[in-house]
Participant: 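If you scroll down you'll find the structure; I have some questions about it.
For clarity, every value in this text was computed on a predicted model and none was experimentally measured. The residues of the chain are indexed from 1 along the displayed sequence.
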Amino acid sequence: MVTSPTRQQILRLYGSTLRAAKSFSSYNFRNYFVQRTRENFRSIQVEQDPAQLSQAYGEAVKELAVLRRSAIINQIYGGRRLAVEGQSEGMRA
């Protein structure tokens, strides 16, 4: 018998994944991974089959580890800020 993750476990994983996605220094990567995280967890939210839910949860855990590593690399080698990100606080009038 396959045990499916609890709602609390899924919400905790969602929060962790969203925080990791928001930690990218690059605007484009950050927005892409935030949107991708929301879409992935919407699909997990509607899943009814416990086996499929457990599999999707396991994949999301693996993706979180990759996302965290990628965010660290992006923070180290991130480029300049884009014009759409606005000016820094010190430069605003």
Participant: Give the cluster check for Val61 versus Leu18: same hydrophobic cluster or not, with ILVMFWY residues linked at side-chain heavy-atom distances below 4.5 Å.
Facilitator: yes
Participant: Using side chain to side chain donor-acceptor pair (under 3.5 Å) as the criterion, list what pairs up with Tyr32, not counting sequence neighbours.
Facilitator: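 Tyr32: no side chain to side chain donor-acceptor pair (under 3.5 Å) contacts found.
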Participant: Please answer whether the main-chain N or O of Val66 pairs with a side-chain N or O of Ser70 as donor and acceptor at a distance below 3.5 Å.
Facilitator: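 Yes; judged by distance alone, with no hydrogens or angles, the pair exists.
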Participant: Using 0.5 Å steps for rounding, measure from the OG1 atom of Thr6 to the CG atom of Leu11.
Facilitator: 8.5 Å
Participant: Starting at OG of Ser16, measure out to CG of Leu67 and round the result to the nearest 0.5 Å.
Facilitator: 10.5 Å
Participant: Quick one: list whatever passes side chain to side chain donor-acceptor pair (under 3.5 Å) with Gln35, sequence neighbours left out.
Facilitator: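 Counting only residues at least two positions away or on another chain, Gln35 forms a side chain to side chain donor-acceptor pair (under 3.5 Å) with Glu39.
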Participant: Between Asn74 (side chain only) and Ser26 (backbone N and O only), is there a donor and an acceptor less than 3.5 Å apart?
Facilitator: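 At least one qualifying donor-acceptor pair exists.
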Participant: Among pairs that include at least one residue of residues 15-25, which meet salt bridge (Lys or Arg N to Asp or Glu O under 4.0 Å), considering only residues two or more places apart or in two chains?
Facilitator: none
Participant: Give a yes or no answer on whether the side chain of Gln75 reaches the backbone of Phe24 with a donor-acceptor pair at less than 3.5 Å.
Facilitator: no
Participant: Listing request: all side-chain hydrogen bond (donor to acceptor under 3.5 Å, both in side chains) pairs with a residue in residues 60-69, at least two apart in sequence or in separate chains.
Facilitator: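 Of all non-adjacent pairs touching residues 60-69, those that pass side-chain hydrogen bond (donor to acceptor under 3.5 Å, both in side chains) are Asn40-Glu63.
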Participant: Do you know which two heavy atoms are closest between Ala20 and Ala71, and how far apart they sit?
Facilitator: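 Smallest heavy-atom distance, with atoms named: O-CB, 3.9 Å.
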Participant: Please find the pair of heavy atoms, one from Thr17 and one from Leu64, that lie closest to each other, and give the distance.
Facilitator: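 Shortest heavy-atom separation between Thr17 and Leu64 comes out as CA-CD1, 3.6 Å.
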Participant: Which pairs, with at least one residue in residues 40-50 and sequence neighbours excluded, count as a salt bridge (Lys or Arg N to Asp or Glu O under 4.0 Å)?
Facilitator: none
Participant: What pairs meet the ring pair (Phe, Tyr, Trp, His ring centres under 6.0 Å) rule with one or both residues in residues 36-73, with sequence neighbours excluded?
Facilitator: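 Applying ring pair (Phe, Tyr, Trp, His ring centres under 6.0 Å) to every pair that reaches into residues 36-73, excluding sequence neighbours, yields Tyr14-Phe41.
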Participant: Going only through I, L, V, M, F, W and Y residues with side-chain contacts under 4.5 Å, is there a path from Leu13 to Phe33?
Facilitator: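 Cluster IDs for Leu13 and Phe33 differ.
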Participant: Kindly give the heavy-atom pair with the smallest separation between Ser54 and Pro5, and that separation in Å.
Facilitator: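 Result for this residue pair: CA-CD, 3.9 Å.
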Participant: Is there a path from Ile44 to Val34 through hydrophobic residues (I, L, V, M, F, W, Y) whose side chains come within less than 4.5 Å of each other?
Facilitator: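 Linked within one cluster.
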Participant: Could you see if Val46 belongs to whatever hydrophobic cluster contains Leu53? Use Ile, Leu, Val, Met, Phe, Trp, Tyr and a side-chain cutoff under 4.5 Å.
Facilitator: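 Unlinked, Val46 and Leu53 end up in two clusters.
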Participant: Would you give the length of the straight line joining atom CZ of Arg30 to atom OG of Ser23, rounded to the nearest 0.5 angstrom?
Facilitator: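 One finds 9.5 Å between CZ of Arg30 and OG of Ser23.
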